[in-house]
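Written out below as structure tokens is the structure these notes cover.
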Amino acid sequence: MAPEGKPLVIALEEHYYDPEVAKTFDGPEGRAPEIRRRLDDLGELRLKEMDEAGIDVQVLSHGAPSTQRLDAPTAVRLARDANDRLAKVIAARPDRFAGFAALPTPDPKAAAAELERTISELGFKGAMVHGLTNGVFFDDKRFWPIFERAQALDVPLYVHPAAPHSAVVDAYYKDYVKDFPAILNAAWGFTVETATQGIRLVLSGVFDAYPDLKIILGHMGEGLPFLLWRIDHALSRPGNRRIAFREQFSRHFYITTSGNFSTPALLCSMMELGVDRILFSVDWPFVQNVPGTKWMSELQLSAEDKTKILSGNAKRLLKM
Ligand code: MN
């Protein structure tokens, strides 16, 4: 528990690997050993590094691409088993861990059912979906049963990055990948991919169909808070169907600070979305915990707003 006067610290984008799911995507090189050791750890090492940084609770989620690139029957079976295993970990330390479900999006109806099962039976707080599902963006109508169920259950869906489509890699990044592999992922490729997911969700009309749907984006909103005015302005020019882009984004999206401990980016996000929409996260183990909590503690921000970011908003959004 947090000592008297110190706000509770909840982090929302904190990853792990389920052994059976990881087997399906882990290439020969895999993750760097020090990262992999942490992804595999759901006990001592994870808790030690949480304690060192003053993080009270991690909302655990699988690492990318989770079950988004499997065939439908495999995805359904593995997501269910992985969620059951995660529920046991959380049940052993409910004071330190909560969970976002892995969803078998290759079978959207089964994914909606699995969302309901993990919320109602396992006590999960929402679900995380990673990048494209076998090449298809999440706004596609086939996935709408998942949004319908998320609204009915009143839980958020966390839209997380995964590697860009191979055609995009070829056309946009290939010549720089050898010297700068991060261009494909956290340095830029992830951001473009996930910002596109966010934009497409608004354009799709899914928020008209499900007016209480809540989406979380990591990495301080994947650049979108900085770009909202321009996107909105451009979409209002002649030739575009009428859409209240900025208004819809601000109403339906929450963002986390995962992997983006930038004060200018935070200020921009606070001005665009308001402090109530911003939730602390690290993106452990790809990003370390201590720089995240140190950044928050040194931030010149009112104690009330800091408490909202560190846990108040999460308590409300995730009903914790
Ligand atoms: Mn992440």
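Indexing begins at 1, ligand by ligand and atom by atom, following the structure's order.
- Annotation: Y173, atom OH; neighbour count of heavy atoms from other residues, nucleotides and ligands within 6.0 Å is above 12.
- For the pair NE2 of H15 and OD1 of D283, the angle whose vertex sits at the Mn ion (ligand 1) is 90° to 10 degrees.
- Note: F249 and F253 have parallel aromatic rings, judged against thresholds of 30 and 60 degrees for the angle between ring planes.
- Taking the Mn ion (ligand 1) as reference, the nearest N/O/S atom within E13 carries the name OE2.
- The distance from the Mn ion (ligand 1) to the nearest N/O/S atom of H219 is not under 2.8 Å.
- The aromatic rings of F138 and F143 are tilted relative to each other, their planes meeting at an angle between 30° and 60°.
- Classified by interplanar angle (parallel below 30°, tilted 30° to 60°, perpendicular above 60°), the ring pair F280/F261 is parallel.
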